[in-house]
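Every chain is numbered from 1, with letters handed out A, B, ... down the list of sequences.
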There are 2 protein chains.
Amino acid sequence: MPDLSLPPIDARINEMANALRFLAADAVEKAQTGHPGMPLGMADIASVLFTRHLKYDAAVPDWPDRDRFVLSNGHGSMLLYGLLHLTGYKEVTLDALKRYRTSRSPTAAHPEYGHLPGIETTTGPLGQGIATAVGMAIAERLLAAEFGSKLVDHRTWVFAGDGCLMEGLSQEAISLAGHMKLAKLTVVFDDNGTTIDGPTALATSDDQRKRFEASNWETIAVDGHDPHAVDRAFALARQSDKPTMIAARTHIGYGAPTKQGKSVAHGSPLGADEISGMREKLGWPHAPFDIPEDLRSAWHDAGSRGAAARHDWDGRLAAIPAEKRAEFDRRISGALPAGIEDVVKRAADETARAAEAIPIRKGSQAAIGLLASHMPELIGGSADLTGSVLTRPAELAQLDTDSFVGRHLPFGIREHGMAAAMNGMALHGGFIPYGGTYFVFSDYARPAIRLAALMGIKVIFLFSHDSIGVGEDGATHQPIEHLASLRAMPGIRVYRPADAVEALECWYDAVADAGPSVMVVARQKVVPVRTTPREDLPSRRGGYVLSEADGQRHATILATGSEVEIAVAARSILAESGIHAAVVSMPSVEVFERQPQAYRDQVLGSAPRYVIEAGSSHGWHRYTGDRGRVFGVDTFGYSGSGPELYAEVGLTPPAIAEAILADLNGVAVRRPPGS
Amino acid sequence: MPDLSLPPIDARINEMANALRFLAADAVEKAQTGHPGMPLGMADIASVLFTRHLKYDAAVPDWPDRDRFVLSNGHGSMLLYGLLHLTGYKEVTLDALKRYRTSRSPTAAHPEYGHLPGIETTTGPLGQGIATAVGMAIAERLLAAEFGSKLVDHRTWVFAGDGCLMEGLSQEAISLAGHMKLAKLTVVFDDNGTTIDGPTALATSDDQRKRFEASNWETIAVDGHDPHAVDRAFALARQSDKPTMIAARTHIGYGAPTKQGKSVAHGSPLGADEISGMREKLGWPHAPFDIPEDLRSAWHDAGSRGAAARHDWDGRLAAIPAEKRAEFDRRISGALPAGIEDVVKRAADETARAAEAIPIRKGSQAAIGLLASHMPELIGGSADLTGSVLTRPAELAQLDTDSFVGRHLPFGIREHGMAAAMNGMALHGGFIPYGGTYFVFSDYARPAIRLAALMGIKVIFLFSHDSIGVGEDGATHQPIEHLASLRAMPGIRVYRPADAVEALECWYDAVADAGPSVMVVARQKVVPVRTTPREDLPSRRGGYVLSEADGQRHATILATGSEVEIAVAARSILAESGIHAAVVSMPSVEVFERQPQAYRDQVLGSAPRYVIEAGSSHGWHRYTGDRGRVFGVDTFGYSGSGPELYAEVGLTPPAIAEAILADLNGVAVRRPPGS
């Protein structure tokens with residue numbers, strides 16, 4: 001090992017680590033539920049990181065140029081809460097620690113983004129932290145390329161356990177990070193040889209260092225309980241021109257007299273006797289939650305170590321030209337650029353007048369191009385389907401991974417890794433990421449989509465080829481249940497625009513509104529349904545009357561996406577039989593549900609309602625009630641062309657008009673609902 | 001390389017490969033849609049495998065001891081169809097090849113299990129094939145351990161592309177296979193350096209051989225267009241005591257004069273000119289779909305190469321004791337053991353009488369134990385949550401990976417790999433696999449669950465900790481949308497039993513009925529609702545009247561799982577107000593929907609209906625219609641105890657009784673549905 005000439009380590013480092021250990025063990029004991037094993041095992045490593053390497057200022061948790069710290073093995077949350085408390089994040093009080101895992105506590109079982117400052121992302125579902133951190137490290141390089149390394153120059157540190165590394169998601173993350181040479185990313189692998197079911201040897205024989213090296217990482221093995229070795233490893237990681245994995249051999253439940261090194265230390269309170277034995281063994285005579293003043297002070301000093309650097313950074317920010325500074329501030333704050341709504345309105349107007357029959361995915365691409373040309377924060381990518389999903393408009397260059405110039409990222413065939421990295425980019429700040437693949441493969445990314453929903457961060461998951469309209473690619477590639485399954489998820493908006501105008505309105509709503517969204521677009525060409533300019537961008541209300549009935553409504557036809565043109569055509573056929581039907585376009589059920597009652601009542605009307613969507617009928621009965629009917633697809637698709645499939649499942653204007661007619665004539669003899 | 005003394009290769013091997021190439025290129029051209037690149041690139045490798053190494057008899061596609069061949073890069077389906085046609089699988093006619101990708105064609109864009117003999121699994125969603133193949137290889141070893149290597153001794157061969165290896169799922173599969181030392185598994189990596197978006201260098205820098213070696217695999221690099229080198233590699237793989245990965249350097253679109261080696265060859269017809277140039281370049285003067293007789297004959301010989309071995313095997317099967325032979329036949333056929341229904345009925349009766357308040361997951365564990373003690377085909381596992389999900393009853397020993405004795409598999413923290421491996425075990429035959437994790441992590445396994453549903457194979461995905469009842473573990477671990485999202489999926493049954501009796505009935509239905517199912521069980525203790533023995537195993541009807549109203553029904557309360565006890569208690573409270581409510585337990589909506597109309601009408605009744613389920617309300621309005629209401633959970637959960645969370649979202653008997661009462665009193669002034 002080269003001579004690193006590192007400054008001497010605080011003689012109290014072991015004691016400082018023990019402070020973390022007892023806060024964790026005692027909080028779990030108090031809650032009578034929780035995970036003590038990991039905090040006890042990683043306390044030494046965490047102490048070295050937070051006292052000597054991590055760049056942060058506990059007084060200013062949202063300093064944009066802070067290092068990011070991600071606890072991927074999120075069940076060890078008490079380690080993080082202890083660190084945040086001791087280093088002086090002021091909302092992380094001793095009282096908050098004592099409320100660990102209790103009702104509505106910010107110190108939840110797993111760290112939740114937004115609950116406390118210093119929690120950079122929500123973790124718990126394994127593998128997510130490491131993959132999200134890759135996105136943070138990408139964002140750092142992109143923002144540095146844009147604003148310069150005087151404003152943006154920080155590292156991303158991850159703690160991860162065996163579980164994170166066994167999850168396939170971690171492979172996608174590791175491979176992507178190695179390929180992108182994310183040298184400022186360091187992962188500490190808590191190599192404790194233990195999982196819930198027993199020794200890791202039960203289920204894995206992987207050589208983790210070799211695995212990381214195969215993906216172009218630097219790796220270092222250390223004794224995770226030797227602060228000097230850990231310190232040197234961190235110093236080496238900071239010098240590496242590759243991402244670094246530090247395999248730290250640790251003992252789970254370190255210090256627990258009978259449970260150290262055993263699975264039983266992982267996820268249950270240690271018990272009063274064990275903790276008492278641990279106090280003796282580690283020489284910690286203090287009462288639960290009682291931290292000696294000198295240790296408190298040492299920890300507090302660590303938490304303000306970065307104040308000077310942060311102050312210097314403030315000075316550098318103040319020194320740059322006002323316009324650039326304002327743009328940097330805007331980007332970090334997430335505010336939209338001024339005037340963007342007018343730009344969108346003008347473009348929507350022009351698109352309506354053009355009335356071109358194009359694939360909806362192409363309308364989506366145009367929308368991205370328009371927004372991206374006014375919003376440098378919009379940054380995209382694709383899981384190797386750029387030309388099919390149309391993720392890259394001409395306005396965006398492909399990323400160059402040496403310079404990190406270019407705003408379209410080749411994520412590779414890694415849908416899950418892409419989604420998690422998008423989350424990380426949004427969490428880092430400065431970007432609104434979107435990423436695309438086929439809709440049917442949204443399943444691969446689902447755990448990361450759920451975390452975006454839970455965190456309420458602004459990312460846009462773009463999915464094309466959104467129904468049996470995919471046609472020839474067959475059942476494996478035809479989504480059926482995906483719309484229903486994503487609409488059932490709280491905290492996320494699903495958009496399914498009907499043509500290029502709605503695509504633009506939906507894309508604008510996705511970037512303008514808070515929180516994550518899913519943009520679902522058809523592969524096939526559609527007849528435009530919005531050919532009359534409307535100033536009010538009606539898709540932003542989620543659902544709206546596209547064509548009112550000619551007279552008192554006999555029926556209301558609700559449809560989404562590529563089925564709106566079918567609804568419009570069915571309406572015309574019905575008119576020939578004297579039936580007055582209104583067509584409601586419903587690009588987003590979630591947005592519609594947020595509208596005032598009176599508006600919703602007016603849109604839905606009181607006539608029988610029919611829903612057309614080329615996907616599972618699951619969920620639509622909320623609107624059809626006792627009268628009406630859902631025209632959906634409740635079986636898997638099959639080989640054939642899109643139009644053949646639509647015809648066979650009865651999703652054609654004549655078939656639907658006929659069914660509605662029969663239904664309206666038979667209202668008197670209807671069966672009870674659900675039968 | 002050691003002297004392998006391999007028999008000489010047929011001099012026509014290049015011509016035989018070209019036959020595959022032109023069948024593929026011409027079928028894609030005829031369909032004007034499809035993927036020619038991979039078949040052209042892997043034709044040489046496939047020819048060596050199918051003429052010299054793969055053990056099969058095209059005349060008896062379902063020979064239990066055949067080698068399994070899995071095309072993980074399923075878009076190259078025409079390669080497989082060509083192989084099956086030329087080797088003599090009689091349903092795979094030239095006409096079938098000409099119908100590639102047309103309406104309802106068995107030669108679908110991606111190989112679909114059940115459409116043609118010789119298709120061992122459905123592939124297309126990348127990474128699934130390799131992970132499913134791991135399950136097949138596990139099943140081979142398990143069945144060999146049980147019935148001996150004279151009956152069970154075959155290999156599993158996989159073709160996989162860059163896409164498969166970039167998917168995180170492949171890492172879970174590789175790691176599991178290496179750990180289990182599945183020496184009879186061989187993966188051929190089609191190392192063509194190309195993906196849809198361009199050269200693989202755009203998105204990956206992985207050293208794939210090193211990566212596999214890190215997981216304890218043998219690796220070999222070969223020129224994929226040198227039949228002798230490929231032949232030697234296969235021979236070495238057959239000798240290895242580890243699973244083997246052969247990195248075969250190939251040219252995508254091999255032979256296409258201008259498109260070879262380029263992304264453009266991947267997924268579009270080559271075009272008439274290009275194909276014509278390819279005919280010239282490869283010296284193939286024959287018309288489309290015209291294969292010279294001598295090549296046909298050589299291929300046909302390859303397809304019957306295994307007939308003698310198959311005949312010998314028949315002899316060995318005939319020679320074993322009749323009882324063991326009958327059991328082997330039963331296991332392969334998938335028939336249930338005789339008398340199992342009576343066993344279940346007796347146990348259901350006893351469980352009802354015992355009326356013990358236990359966690360539903362514990363009832364599930366008892367059901368597994370009972371069934372497993374009578375069904376040696378029931379084989380389970382867990383993604384490192386054995387003691388929480390209760391996947392392992394005392395009747396099942398943990399697998400020993402040296403002897404492959406033991407029927408509970410430690411899958412590691414690899415939910416997706418576990419699910420795909422389960423699929424492979426079911427496809428292999430001889431087993432009904434189940435595997436468990438927390439319900440919230442079903443998202444990780446979703447793409448494999450969907451393939452099980454599409455294939456209609458009998459696997460049981462067991463998920464515990466099924467609602468906000470999880471409590472303290474917090475929002476990341478509390479499922480909300482998962483029931484709705486799985487019920488929206490075609491082809492799979494979701495069960496959510498209410499107590500130990502229902503758990504047993506549901507488990508029995510899961511193993512007795514065809515196709516896959518999802519078993520969702522609560523972590524928490526419940527009051528048993530089925531304390532009166534019933535001979536008819538009513539859960540097998542999906543929904544049934546648990547407690548009829550005392551008089552004409554004023555209301556019907558539908559509930560599932562842990563909420564049935566709440567429904568029962570609410571019914572009692574309502575009775576105090578003179579409201580006669582029936583309680584319907586609905587352990588499986590899908591099974592209920594298959595019942596005759598008259599039965600469903602009778603169960604549902606015509607009184608207003610209320611649904612109680614601690615999950616998304618999405619989908620339940622089909623039963624509540626214009627009157628009635630869903631008591632669900634449509635937001636993410638949070639930190640707190642299970643009972644605290646239930647109370648806060650209003651899922652308690654008094655709150656529900658009160659709401660129903662108010663609702664019934666207010667029927668006259670109800671709003672229209674959906675508002």
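Interface remark: P111(B) contributes no atoms to any contact with chain A (heavy atom separation under 4.5 Å). Contact annotation for T123(B): only backbone heavy atoms (N, CA, C, O) come within less than 4.5 Å of a heavy atom of chain A. Contact of E112(B) with chain A is made through the side chain alone, with heavy-atom distances under 4.5 Å. Heavy atoms of F441(B) lying under 4.5 Å from chain A belong exclusively to its side chain. If you measure heavy-atom distances from I174(B) to chain A, you find no contacts under 4.5 Å at all. If you measure heavy-atom distances from T102(B) to chain A, the contacts under 4.5 Å come from the backbone alone. E472(B) touches chain A through backbone and side chain together, each having a heavy atom under 4.5 Å away. For chain A, the nearby part of T635(B) is the backbone; its heavy atoms alone come within less than 4.5 Å. Of the two parts of H75(B), neither the backbone nor the side chain holds a non-hydrogen atom closer than 4.5 Å to a non-hydrogen atom of chain A. Using a 4.5 Å cut-off between heavy atoms, A453(B) touches chain A through backbone and side chain atoms alike. Of the atoms belonging to V440(B), it is side-chain heavy atoms, and not backbone ones, that fall under 4.5 Å from chain A. Residue contact with chain A, scored on non-hydrogen atoms closer than 4.5 Å, involves the backbone and the side chain of S639(B) alike. Using a 4.5 Å cut-off between heavy atoms, R209(B) does not touch chain A at all. In this structure, chain A has a heavy atom under 4.5 Å from the side chain of E648(B), while its backbone stays farther away.
Of all heavy-atom pairs spanning D384(A) and I196(B), the tightest one is OD2-N, 3.0 Å. Of all heavy-atom pairs spanning R446(A) and D443(B), the tightest one is NE-OD1, 3.1 Å. The shortest heavy-atom contact between E481(A) and P490(B) is OE1-CD, 3.8 Å. D473(B) approaches H110(A) most closely through the heavy-atom pair O-ND1, 3.0 Å. The two residues G168(B) and E172(A) come nearest to each other via the heavy atoms N-OE2, 2.6 Å.
Screening K181(B), H179(B), M180(B) for a side-chain contact (heavy atoms from CB on, under 4.5 Å) with S205(A), the sole residue that qualifies is H179(B).
Ring to ring, Y623(A) and H621(B) are not that close: their centroids are 6.0 angstrom or more apart.
The distance from the CD atom of Q171(B) to the CG atom of D206(A) is 6.0 Å, given to the nearest 0.5 Å.
For the set L399(A), N216(A), L486(A), L202(A), the count of heavy-atom pairs under 4.5 angstrom toward chain B peaks at L202(A). With chain B as partner, the option from G491(A), G163(A), G412(A) having the largest number of non-hydrogen pairs under 4.5 angstrom is G163(A). Heavy-atom pairs under 4.5 Å with chain A were tallied for H416(B), E213(B), H115(B); the largest tally goes to E213(B). Of the listed residues T107(A), L165(A), L385(A), the one with more heavy-atom pairs under 4.5 angstrom with chain B than any other is L385(A). With chain A as partner, the option from P447(B), G619(B), A109(B), P410(B) having the largest number of non-hydrogen pairs under 4.5 angstrom is P447(B).
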For I480(A) and R450(B), run side chain to side chain contact (heavy atoms under 4.5 Å, CB included): C-alpha distance rounded to whole Å, both residues' side-chain angles, the deciding distance at 0.1 Å, then the answer. CA-CA 11 Å; I480(A) 300 290; R450(B) 187 175 209 258; 3.8 Å; yes

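Remark: side-chain polar atoms of Y444(A) are paired, donor with acceptor, to backbone N or O of L126(B) under 3.5 angstrom.
Under the 30°/60° scheme for interplanar angles, the aromatic rings of H618(A) and H618(B) are found to be tilted.
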